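Structure provided below as structure tokens; questions to follow.
Note that the coordinates shown come from a computational prediction; the quantities given were computed from them, not determined experimentally. Throughout, protein chains are lettered first and strands after them, A, B, ... in sequence-line order, and every chain is numbered starting at 1.
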Amino acid sequence: MSIQLGVPAVNRFRSRKPLSRFAVVSLRLRLLTGVVLLVAWEVSANLFAPAHVARPSNVVMVLPAVFSDPQFWASAGSTIVAVLEGLLIGVVLGVIVGLAMGRLRVLEHALKFYVQALFTLPIVALLPLIIMWFGYSSATRLFIVVIGSFLPVAMNAFDGSRFIPREYLEVALSYRAQWWRVWFGVALPSSLAYLLSGIRLAAGRALVGAVVAEFMVGIDGLGYYILSNSQSFKQNEAMVAVLLLTLIGVVLNFGTDAAVRRFLSWYRRGL
Amino acid sequence: VSTVKPLTTRSGIVASMAVRNARIVGFALLPGALLWEVIGRTAPSSIFAPLSSTVGALGGLFGSGELFHALGESGLLYLAGVGSALVVGAFFGILLARVTKLRVGVEPYVNALYATPMVALIPFILSTLGLGFTPKALLVFLFAVFPILVITMEGARSVSVELLEVARSFHSNEYSLWIHLIIPHTLPFVASGLRQAIARGLVGVISAEFFLSASGLGELLRLKADLFQTAEVLAVTLVVTLLGVLLMDFGRRLENRFATWRS
């Protein structure tokens, strides 16, 4: 009887192969910590903070109202479109400029200094200047997003296309490849790893750029939604927008990885 | 730069630096300055100002003491935010590395916060904590703390098991374990985290001064932009750019110093 009891126990344990004991324990620990954190937030908000300060229970309660509010989705759409649009322009420009800097010595000397200096500058600091150029309009937001995504992509495309394996270039040369084929057929694919980390950096900066532009310019979008709601004592509604913003950031990162797996499946195969 | 020979002599290094500097001046700075001047003279004055008047504005801002005042205010905010982030991030990074249960539980939430765009939290800080120095320092802290925390934790976890076992077999208590083994091992990682925090801290300072109570370089930028004093706006932007370059350079040196010290 005792053996009969023991055997299935071992079998049951073995049959759960995908979830190891450690994974189960750590998952439980993580969920528990999450609950503790949420309760701590709720309790401390109830004890120390005024009523308008966001707390988990209220955020959950306002979810249906926020999700059925067309204004919320219009704001989200406005920000997402601006980020994607600016990201696309910034990435294309960044790839072209970065490749040109990596392949042409003159351009490297002329532009590297400026690209590096602007890369270290917080793009938020450019807002007042850009508002002077484009006024309080959505063009300011687009411009900030373009600059924010252009710089990291250009830096990384430059770094990646500078050190192409010699053999690749010699093969291309011996087949008399035209220069654009060397740029986009050899240099671009071989700097893909750099480019990807550049694009990931760009996605984060694009999102942040859009939000700060909306703060200062006051155009419709998730950043402005957060600002106006928290100013009118609706922090819970604003918190939903923050969660969506974080989600967009995560999706952008996953989207980059998924696009690479889908369209550039040869990449990583050798790694 | 593929044909660079290994330079060992000091004079060789100095000569190559001179060539590099001459290149930067000849190919980048001179044409850039010329372009800036030409664009500044042709564009309407509300949009762009020539380099000459930007330099003049810079001199004016220095002379009136406005710029020194702004640099002082921003510098204090920066030091308060990044300094507290260094202390908190390094301590909790090591603590999380030592206490496995705490780390496993907290890690996903730390990563989630790390991924959250911090600027989105500004309105909450504003409407909960109001104006003043502390909310601004809190924002800079939030910008700077996560890279230090995460990288310190990874570093402190990489202490070799053999060393830990030797320490334990000599009945080392947790305190002397930290002092003699973990902290010396982890310092280069803290320096790497600090390099990232240094860059993010500057973003935090400018954002705080724009969107929380106005002060320092952020206030100066907005003030001059509202008055459409283009040359002054360009001058302050130039100062912030220079500050960014210097800070990044400092961070890189710090990281390299500890990196060589590690090996």
Side-chain angles (χ1 to χ4, degrees), chain A residues 25-26 29-34 36-37 49-50 52-54 106 108-114 116-129 131-133 162-163 166 204 207-208 211-212 215-216 222-223 226-231 233 235 238-239 241-243 245-246 249-250 253, chain B residues 1-2 23-24 26-29 31-32 46-48 101-102 104-109 112-113 115-124 126-128 199-200 202-207 210-211 217-218 221-226 228 230 233-234 236-237 240-249:
Chain A
V25 170
S26 68
L29 205 58
R30 282 173 177 172
L31 289 175
L32 194 71
T33 316
V36 168
L37 287 174
H52 69 268
V53 170
V106 182
E108 179 191 337
H109 293 318
L111 294 180
K112 194 173 104 182
F113 179 79
Y114 293 108
Q116 279 177 347
L118 282 176
F119 182 69
T120 58
L121 170 77
I123 41 165
V124 202
L126 288 175
L127 257 178
L129 192 65
I131 289 175
M132 290 174 83
W133 294 347
R162 222 170 8 154
F163 303 112
R166 231 195 154 70
L207 207 58
V208 170
V211 171
V212 290
F215 281 171
M216 198 177 273
L222 278 179
I226 294 170
L227 187 68
S228 62
N229 272 298
S230 65
Q231 273 175 347
F233 302 107
Q235 277 199 7
M239 193 54 84
V242 173
L243 293 178
L245 216 50
T246 309
V250 173
N253 273 346
Chain B
V1 207
S2 56
R23 258 194 208 138
I24 289 178
F27 284 98
L29 285 184
S46 63
I47 288 186
F48 215 75
K101 278 192 177 160
L102 198 62
V104 172
V106 167
E107 209 168 19
Y109 307 102
L113 271 177
T116 307
M118 283 304 155
V119 284
L121 298 181
I122 293 175
F124 296 90
L126 185 64
S127 72
T128 308
R200 288 169 63 113
L202 188 62
V203 183
V205 166
I206 302 291
S207 310
F210 275 169
F211 303 118
L217 291 168
L221 264 178
R222 281 193 90 160
L223 201 72
K224 300 299 177 189
D226 284 345
F228 274 92
T230 318
V233 174
L234 285 170
V236 181
T237 309
V240 177
T241 311
L242 208 66
L243 215 57
V245 172
L246 288 176
L247 283 171
M248 282 306 286
D249 192 53

Exercise. Where is the tightest heavy-atom contact between A:Tyr114 and B:Gly32, given as atom of each residue plus distance?
Worked result: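 Looking at all heavy atoms of both residues, the closest pair is OH-CA, 3.2 Å.
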
For this session: Answer with side chain, backbone, both or neither: which region of B:Phe211 has an atom nearer than 4.5 Å to a non-hydrogen atom of chain A?
Result: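 The side chain, not the backbone.
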
Problem set entry | Non-hydrogen side-chain atoms of A:Ser230 and B:Leu126 separated by less than 4.5 Å |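 Contact flag for A:Ser230/B:Leu126 side chains = no.
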
For this session: Sort out for me which of A:Gly204, A:Gly249, A:Ala117, A:Ser228 touches chain B most, counting heavy-atom pairs under 4.5 Å.
Result: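 Winner by heavy-atom pair count: A:Ala117.
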
Problem set entry | Contact origin within A:Ala49 toward chain B - heavy atom pairs under 4.5 Å |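 It is neither, since no heavy atom gets under 4.5 Å.
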
Exercise. Is chain B contacted by the side chain of A:Leu32, its backbone, both, or neither, given a heavy-atom distance below 4.5 Å?
Worked result: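 Answer is neither: A:Leu32 stays 4.5 Å or more from chain B.
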
Problem set entry | Interface residue of largest heavy-atom contact number with chain A, from B:Pro123, B:Gly244, B:Pro108, under 4.5 Å |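 Top option by heavy-atom pairs under 4.5 Å: B:Pro123.
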
Exercise. So which of B:Leu102, B:Leu217, B:Val240, B:Ile122 has the largest heavy-atom pair count under 4.5 angstrom toward chain A?
Worked result: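 Heavy-atom pair counts peak at B:Val240.
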
For this session: Grab the two heavy atoms, one from B:Phe124 and one from A:Gln235, that are nearest each other, plus how far apart they are.
Result: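 Of all heavy-atom pairs spanning B:Phe124 and A:Gln235, the closest is CE2-O, 3.4 Å.
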
Problem set entry | Which atom of A:His109 lies closest to which atom of B:Ala28, heavy atoms considered |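 Between these two residues, the closest heavy atoms are O-CB, 3.4 Å.
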
For this session: Could you check if a side-chain atom of B:Met248 sits within less than 4.5 angstrom of a side-chain atom of A:Gln116, using non-hydrogen atoms only?
Result: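 No; the side chains remain at least 4.5 Å from each other.
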
Exercise. A:Leu111, A:Leu245, A:Val212, A:Leu31: which one forms the most heavy-atom pairs within less than 4.5 Å of chain B?
Worked result: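 Heavy-atom pairs under 4.5 Å are most numerous for A:Val212.
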
Exercise. So which heavy atom on B:Ala120 is nearest to which on A:Phe215, and how close?
Worked result: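 Looks like CA-CZ, 4.4 Å.
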
For this session: Using non-hydrogen atoms and a 4.5 Å limit, figure out which bit of B:Leu121 sits close to chain A: side chain, backbone, both or neither.
Result: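 Contact with chain A involves the side chain of B:Leu121 alone.
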
For this session: Name the member of A:Ala238, A:Gly223, A:Ala241 that forms the most heavy-atom pairs with chain B at distances under 4.5 Å.
Result: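 It is A:Ala238.
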
Exercise. Roughly how far, to the nearest 0.5 Å, is OG of B:Ser127 from CD1 of A:Ile226?
Worked result: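 If I round to the nearest 0.5 Å, the distance is 11.5 Å.
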
Exercise. Which residue out of B:Leu242, B:Leu247, B:Leu202 racks up the most heavy-atom pairs below 4.5 Å with chain A?
Worked result: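 Option with the top pair count is B:Leu202.
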
Problem set entry | Between B:Phe48, B:Phe228, B:Tyr109, the one whose heavy-atom pairs under 4.5 Å with chain A are most numerous |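 Heavy-atom pair counts peak at B:Tyr109.
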
Exercise. Which region of A:Val211, side chain (C-beta onward) or backbone (N, CA, C, O), has a non-hydrogen atom less than 4.5 Å from a non-hydrogen atom of chain B, or is it both or neither?
Worked result: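 Contact with chain B: side chain only.
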
Exercise. If you round to the nearest 0.5 Å, how far is CG of A:Leu118 from OG1 of B:Thr237?
Worked result: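 Here the interatomic distance stands at 10.5 Å.
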
Problem set entry | Minimum heavy-atom distance between B:Thr116 and A:Thr246, given as atom pair plus value |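 Where B:Thr116 meets A:Thr246 most closely, the heavy atoms are CG2-OG1, 3.6 Å.
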
Exercise. Side chain, backbone, both or neither: which part of A:Val53 has a non-hydrogen atom closer than 4.5 Å to chain B?
Worked result: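 Side chain only.
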
Problem set entry | Residue A:Leu37 versus chain B: region with a heavy atom under 4.5 Å |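 Just its side chain gets close to chain B.
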
Exercise. What is the minimum heavy-atom distance between B:Val104 and A:Ser26, and which atoms define it?
Worked result: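 Taking B:Val104 first and A:Ser26 second, the nearest heavy atoms are CG1-CB, 3.2 Å.
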
